[in-house]
Each structure stands twice: as C-alpha cells, then as structure tokens.
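Below, read A as the first sequence line, B as the second, and so on, with proteins coming before strands; counting in each chain starts at 1. All values derive from a computational prediction rather than experimental measurement. Values reported hereafter were calculated over all heavy atoms of this structure, with side chains retained and with hydrogens, waters and symmetry mates removed.
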Amino acid sequence: MRDIIFQQLTDSQRKAVFHVEGPLLVIAGPGSGKTRVITYRIAALIDSGVPPSNICAITFTNKAADEMRQRAIALGASAGAHISTFHSLCVRILRNYADRAGINPNFSIYDESDQTSSIKQAIKDSDLNTTDFPPARMLEAISTLKNKLVDVEFFQTNAEDFFSKTLARIYASYQSILNEHNALDFDDLLMKAAFLLRDFPDVCRQLGERFKFLLIDEYQDTNHAQYVIAKALVSHHNNICATGDPDQSIYRWRGADIRNILDFENDWPDAAVVKLEENFRSTPNILQWADKLISFNRKRKEKKLIPTKQSGKDVVVNVCEDETKEAQAVVYQIKQLVEQGSSLKDIAVFYRVNAMSRILEESFIRNRTPYQVIRGVEFYGRKEIRDMLAYLKVLANPSNEIALLRIINTPARGIGKTTIDKIKTFASQNQISLFEAIKKAEHIESLAKTTKDKLAAFVKMFGKFSKRIAGKVAPLAEFIFTESGLAESLQAASSQGQDEYENVKELISAAAYYDQETEQPSLTDYLQQISLFSDVDGYDASSDRVALMTLHAAKGLEFENVFIIGVEDGLLPHARSGAYENDDDLEEERRLFFVGITRAKSGLHISYAKYRTLRGQMLHTIPSQFLFELGIDFAETAAESQSQPAETDEFGTAIQHFTGGQKVRHKLFGLGQVKEFIDMGENSVVIVKFNSGQIKSLMVKYANLKIV
DNA sequence: CATAGCCGCCTTTTT
DNA sequence: GGCGGCTATG
C-alpha cells in the first residue's frame with residue numbers, strides 16, 4: 001500500500017525520501033511538495049527499521065507540527081516520532097535536564113507583555129529612564145544577543161562603548177528579574193538549550209542517541225541558536241535533513257540567518273543535495289509573476305519554478321480609491337468567486353500589518369460573509385484569558401511575580417496599590433519573593449488588620465488550589481474560575497462580560513482537550529505548551545470562512561484564491577522594515593511578497609489604494625515598487641477596475657515633464673532632486689533622490705510632485 | 001481603595 | 001485610532 005504512494009513521487013522527490021543516512025539538504029521551491037517529502041521520509045525511515053522514537057522532526061509552527069503528525073499517522077507511520085517546533089523541543093529538553101541547565105523545571109515562559117514589564121523594571125533598576133532607553137528597543141537588542149548566544153557575562157566583559165555598557169547593565173538586570181521570577185523568555189529557551197548541549201557532552205550524547213535522525217523544515221528561517229542546537233544534536237551521527245527555500249526566508253528581523261541554509265554544504269561537506277523545482281500548486285500565470293518578482297533579488301541562488309499545472313486565470317490587479325473601497329472590492333470579488341462555485345475556506349486575504357484587518361472585517365460583516373482573522377495573539381491575548389491563566393501560572397510557579405500582580409486584586413478584593421507597595425518593600429528587605437511576603441503579611445507592621453485578613457484569605461484560597469494541582473488541568477481551571485470569584489465578576493458585568501465568561505469557558509474546554517490528548521497531563525506542561533501557541537496554530541482550515549492574515553502568517557499555507565491588499569510604497573515594502581536603508585531588508589520584503597503570491601493555486605488578486613488613512617490622516621499613496629518591477633500597466637488596470645470609475649481630473653490633465661537636476665517636493669518624502677524622467681505618456685515615471693537619501697521611482701500622475 | 005476619564009504615546013512582521 | 005498609565009474624584 002505504502003509502495004503505491006511512494007510510486008507517485010517524482011524522481012527528485014524520491015531521491016529526497018530515500019536518501020537515509022548522512023546529511024541531506026533539500027532545496028525546495030514553493031508548492032514543490034516539500035512537506036509531503038518530509039512526511040514520506042519519516043515513513044521511509046520507519047520502513048527501513050528505524051524506531052519512530054529515534055526520529056525528531058522540527059517544524060516552524062505548532063500547526064505545521066500537528067499536520068505533519070497527522071499525515072505521518074495517515075501514512076501508516078506509527079506515532080511516536082517527536083514532531084514539534086524548536087521552541088517546544090527546547091522546553092522538553094530544559095525540563096528533563098533542568099538541574100544540569102541550572103533552572104527550576106516549573107519555569108514560566110514569559111510572553112511579550114511579560115517581557116515588556118520585566119524590561120521596564122530592569123531599566124528602572126539600572127537607574128535609567130524609559131525615554132532614553134525605550135523598552136521595545138532594549139528587548140530587541142537583548143533578543144538579538146540571545147539569538148547569537150551572547151550571554152550576560154560575555155557581553156558585560158566585552159562591552160566597550162557607552163551604549164554597550166549601558167545595555168549590558170540592563171541585560172544583566174533583566175536576566176536577574178527573570179531569574180527571580182523563575183521565568184524564561186522565548187529566546188532563553190533556545191539559548192539555554194544551546195548552552196546545555198555545549199557545556200554537557202554527556203547530555204549532548206544522550207540526546208544524539210535518542211534522536212538518531214533529525215529533520216528540520218523551513219531551515220532558511222533558523223537563527224544562530226537553532227543552528228547550534230541542530231549541529232550539536234547531530235554531532236555524533238550527522239543524520240540531518242534540512243529542507244527549505246532561501247527565497248522564502250522572511251524572519252531576518254527575528255534573527256533568522258539565511259547563511260545557515262546557504263552554508264549547509266560547507267557545514268556538512270558530504271551532504272547530498274536535492275532540488276525540488278517543480279511546482280504542483282500554482283498555475284503558470286501565477287508562477288510567472290512570482291518568478292519575475294524574485295528575479296529582482298540579487299543575493300540569491302538561482303532557482304527555477306517549473307509549472308506542472310495547466311494555464312489558468314490571469315492575475316488581477318485592482319487599483320482602488322481608498323482602503324474602504326479596497327475592502328469592498330475584495331468582498332465583492334469573493335462573492336463573485338462564490339457564485340462561480342468557490343467555497344469560502346479556499347479563499348484568503350493577506351496584508352502586511354495586522355492593523356489592516358479591521359477595515360476588512362467591517363466589510364465582511366456588512367456583507368454577511370463569514371471570515372476568521374489569524375492574528376498573533378488574538379485569543380490568548382484577551383484580558384479575561386490572561387487573568388485566568390495568571391491564576392494557573394502563579395499556582396504552578398509562585399515566583400511568577402507578573403502573574404501574581406495581575407490577579408492579586410482581580411477580581412477586586414480590596415488589595416490596592418498601597419498594600420502592594422508595602423509588600424514589595426517587605427519582600428525586598430527580607431530577600432523573599434512577593435508570594436512569600438504575602439504569606440508573611442501578618443509580620444508587616446504598617447498593614448491594617450483588615451488588610452492582613454484580606455491577604456490571609458488570598459493565601460488560603462491558593463492553599464485550596466494547590467491541593468488539586470496534580471493531574472488534569474481542566475477540572476482545576478474550572479475550580480479556580482469559580483472559587484477565585486472571577487466567574488462571578490464576569491457574570492455580574494455587562495453583556496460584554498458574558499462574552500468574556502464564554503471565552504474562559506472555551507479556554508477550559510481547550511484545556512480539557514489537552515487533558516485528553518496528553519499522556520501525562522500536568523499544569524506545568526500545559527502552561528509551557530500554550531505559551532508557545534500562536535493564533536496561526538489555531539487556524540481552522542475546515543470551517544467555511546475566508547481566512548484573513550498577515551503575509552508572515554501565510555507561510556506554509558495554500559489557497560485556491562488569494563488576495564493581497566495594500567501593495568503600496570511604505571506598506572510593502574514597509575517603511576519601518578529598513579528596506580529604504582539597505583538592500584537586505586528590501587530583498588526580504590520582496591521575498592515576503594513572493595511568499596504571498598506563491599500561496600495562490602489558481603486565483604491571485606493584488607490591489608492597492610490610491611488613498612489610505614494613516615494615524616487618522618488620509619494620505620496619497622504610491623504603488624509599491626514591486627508592482628513597477630512586475631511591469632504593471634497602471635493605466636490599463638485602472639480602466640479595468642470597474643468598481644471604481646477613474647477620476648477625470650487625473651486622466652484629463654497633461655502629464656508634467658521633468659528634467660534631471662530639478663529640485664522637487666513630495667508630500668511624504670519631502671525635498672529631492674530629479675535623477676531621471678522616463679516619458680511614457682500618461683504612465684511617465686520620474687526617479688527622484690530625496691534628501692533623506694532614498695531613491696524612488698514615482699508615477700508622475702500619482703506622485704503630485706511640485707517643482708521648487 | 002475603586003473608578004472614570006483624560007492625556008500622551010506609539011503603530012511591522014512572531015516563536 | 002487604540003492602549004497604557006496617570007490623576008482626580010467618590
């Protein structure tokens with residue numbers, strides 16, 4: 001049976017599946033059946049006698065891991081292979097070897113908002129202010145250091161200039177806060193695991209023996225820490241299989257280092273390399289666009305996109321008046337697709353930034369078109385969910401101060417700021433955790449008797465919780481929800497409170513699902529798992545709704561019809577991406593667009609708005625330079641977009657001519673000098689070097705340049 | 001101590 | 001336009 005499936009593979013796919021021993025690099029273009037190859041490879045390994053438990057496959061998201069697990073099981077490859085993300089794997093390793101890693105196995109995983117409050121505290125503790133040292137920037141800098149495996153000690157001893165020395169102080173203080181809280185951030189998970197493997201050869205050997213075959217998907221998006229972990233894990237056998245596509249590397253900002261995949265053959269000189277260039281997903285029409293776009297990237301390995309599908313529909317480019325009209329146009333076209341027999345679940349809309357989903361949602365709601373937004377932290381980011389989880393977090397790890405502060409007076413139980421300040425002082429005076437201090441509240445002189453009673457009640461409540469800490473999570477959560485008064489406070493609130501109440505109930509059902517699916521459910525494990533969950537992981541592909549997501553979230557997915565909106569200068573490439581300062585970032589933005597385009601199987605709709613509201617201001621936009629690269633004829637597309645009749649004033653007026661050297665002013669970019677004027681009648685383009693240093697190609701009819 | 005209301009800040013992408 | 005933090009008031 002499985003042989004029959006294997007026979008359906010192409011020659012190169014088969015090569016990748018059956019090359020079992022030693023290092024293997026699979027360079028796979030979009031839609032080349034890469035995931036399929038990895039899954040079959042797992043099956044082939046098991047067929048050749050490898051016990052499933054000796055296989056470790058690493059995916060980019062938890063969702064991808066789930067899918068791969070299911071596919072492997074469907075193939076008859078028995079469950080038992082370890083399939084997860086790098087982060088999940090590290091959590092497991094760190095928990096198993098907690099004593100060696102020098103951490104407490106009940107550690108909390110700090111998310112972005114936990115990190116933000118910790119860094120703010122760290123900046124304060126270092127006698128600095130958050131204006132000169134913006135928390136987000138500091139976190140980013142620390143994250144970069146951790147991804148490069150630079151720990152506090154190393155950075156401190158090597159910091160030379162003023163900024164580095166200051167950053168070193170903040171870094172040190174931030175780490176000690178996390179330490180006191182028994183917490184790790186996302187980057188710590190990788191860094192600590194990498195150090196564990198580096199510093200303890202016996203642990204490294206044990207894990208190498210446990211995982212005799214390592215498969216890593218989306219290798220182009222691994223960072224240095226992940227690279228070091230991978231290298232250590234296979235150091236005793238070199239059975240590594242990496243798959244990826246340099247053209248789809250879109251996480252540079254998160255530390256992803258494209259050199260990892262480009263240098264694979266240097267790292268493992270005896271590596272076999274298989275290229276998968278056939279595309280089974282998209283029509284040639286779409287692939288032509290993708291190919292043309294990506295060919296503008298100079299730092300890349302040439303790779304073909306060989307279509308296997310029949311020619312299909314033309315790619316549609318829509319020019320809209322503003323973002324509202326653009327959203328309407330999307331829904332309108334979706335309705336047409338549905339009339340032609342498409343189903344909503346086969347349609348997706350991509351955009352560059354999450355904020356762009358709102359206007360779309362309004363349009364979908366008005367038109368009664370079902371949709372789902374896939375957003376970074378949607379569900380777990382809600383206040384009531386965070387409150388509920390904070391109770392569980394404190395229970396699992398009483399040192400988790402951020403969670404404790406969140407719930408100590410939620411719902412209101414008369415423990416206010418003054419009280420908390422007094423407890424904090426007491427805690428630091430006695431070198432104990434906040435929770436310990438609360439337990440000893442009776443010894444705090446300055447507290448009133450009534451306040452002490454309230455604190456004692458709080459401690460007693462947690463005493464009740466801890467009796468039920470072992471075993472399944474859902475019953476415990478249910479118990480806490482009612483006993484803490486959280487349920488009551490939500491029900492007592494307005495109708496909005498009802499929604500919130502239902503959300504917590506949903507969380508509890510999700511926990512019940514966890515209890516059911518997990519062999520040995522435990523509170524610690526549950527909390528650590530969901531900390532690594534994002535909304536993409538929750539994406540429900542089976543419900544018949546249009547999927548709305550960022551271009552980043554679209555990675556690894558495919559849809560019959562794809563809409564990419566807001567393809568404008570400043571949005572794609574994004575103004576804050578660095579694309580206007582350096583080519584590397586520009587190329588990454590181009591790859592991001594490439595990823596979006598190559599998600600489409602048969603229908604691709606690209607649009608931009610001539611005007612867009614930014615921070616409350618309606619601004620004139622410029623089409624993305626990527627559209628110019630694709631050679632789009634804007635006059636034609638404008639005429640084709642019937643939903644928005646063309647404005648006469650734009651087409652009626654004569655196109656202004658420019659000559660090199662002229663000084664001009666642009667609404668957005670300010671003053672600049674004309675470098676070149678390309679006369680194409682109505683579609684004339686003027687290339688301007690602005691005083692900011694940016695060089696732009698602008699459509700004369702849209703740019704509204706003033707000669708000064 | 002709780003709450004409401006206001007001000008000023010930022011606003012790319014995410015495991 | 002949205003959110004966190006601060007202040008004034010009950």
Side-chain angles (χ1 to χ4, degrees), chain A residues 58-65 84-91 109-113 115-117 120 130-131 134-137 139-140 143 146-147 184-191 193 218 221-223 225-226 249-256 323 350-359 374-378 380-381 383 408-421 448 450-451 454 489 528-537 549-556 566 570-579 585 588-589 591-593 595-596 613-618:
Chain A
I58 301 201
T59 56
F60 196 73
T61 63
N62 285 299
K63 161 119 183 131
S84 77
T85 62
F86 257 113
H87 286 83
S88 291
L89 176 69
C90 290
V91 166
I109 299 170
Y110 269 9
D111 66 13
E112 207 184 314
S113 76
Q115 288 182 55
T116 306
S117 42
K120 281 181 185 164
T130 48
T131 332
R137 287 269 186 79
L139 274 181
E140 205 188 313
S143 171
K146 288 183 178 177
N147 286 157
L184 303 183
D185 66 18
F186 290 126
D187 302 313
D188 281 334
L189 297 173
L190 302 176
M191 186 171 74
E218 309 282 13
D221 279 320
T222 49
N223 62 31
Q226 292 167 327
S249 163
I250 54 175
Y251 283 94
R252 212 170 87 88
W253 53 275
R254 215 175 70 186
E323 72 271 21
F350 305 152
Y351 34 80
R352 180 61 176 82
V353 296
N354 281 309
M356 290 169 74
S357 74
R358 238 196 64 241
I359 200 89
I374 290 94
R375 197 181 342 232
V377 283
E378 184 76 336
Y380 290 104
K383 184 189 170 298
I408 188 156
N409 203 27
T410 309
R413 44 174 77 90
I415 304 172
K417 193 181 179 306
T418 327
T419 309
I420 291 168
D421 282 345
T450 46
T451 314
K454 286 171 187 164
S489 78
Q528 290 174 347
Q529 291 299 318
I530 61 162
S531 298
L532 300 174
F533 238 71
S534 73
D535 234 34
V536 193
D537 303 319
M549 67 188 87
T550 63
L551 285 160
H552 282 91
K555 175 159 120 163
L571 264 181
L572 186 68
H574 198 276
R576 303 202 50 161
S577 64
D585 284 322
E588 173 139 320
E589 293 288 303
R591 289 194 293 268
L592 191 54
F593 193 21
V595 166
T613 315
L614 266 163
R615 281 173 239 157
Q617 270 204 313
M618 182 78 112

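Scanning DNA chain B for stems, defined as runs of 3 or more consecutive Watson-Crick or G-U wobble pairs whose donor-acceptor distances all fall under 3.5 Å, gives the following ranges: B:1-10 with C:1-10.
Stacking between A:Trp253 and the base of B:dT13 is present: ring centres sit under 5.5 Å apart and the planes differ by under 30 degrees.
Note on A:Lys120: only backbone sugar-phosphate atoms sit closer than 4.0 angstrom, heavy atoms only; bases stay farther off. Residue contacts shown for A:Asp187 are absent, as no nucleic acid heavy atom lies under 4.0 Å away. No contact: A:Ser88 has no heavy atom under 4.0 Å from any strand. If you check every strand for non-hydrogen atoms under 4.0 Å, A:Thr550 touches sugar and phosphate atoms only.
Ring-plane geometry between A:His552 and A:Trp253 is classed as perpendicular, the angle between the planes exceeding 60 degrees on a 0 to 90 degree scale with a lower cut at 30.
On a pure distance criterion of 3.5 Å, a polar donor-acceptor pair joins the side chain of A:His87 and the base of B:dT15.
The nearest whole Å value for the distance from the CD1 atom in A:Ile374 to the C1' atom in B:dT14 is 15 Å. Rounding to whole angstrom units, OH of residue A:Tyr251 and C1' of B:dT12 are separated by 11 Å. For A:Leu189 and B:dT15, the CG to C1' distance is 9 Å, given to the nearest whole Å. A:Glu588 places its CD atom 14 Å from the P atom of B:dT13, with the value rounded to the nearest Å. Taking atom CZ of residue A:Arg137 and atom C1' of nucleotide B:dT11, one finds them 14 Å apart after rounding to whole Å.
Under a 4.0 Å N-O distance rule, the pair A:Arg137/A:Glu140 does not qualify as a salt bridge.
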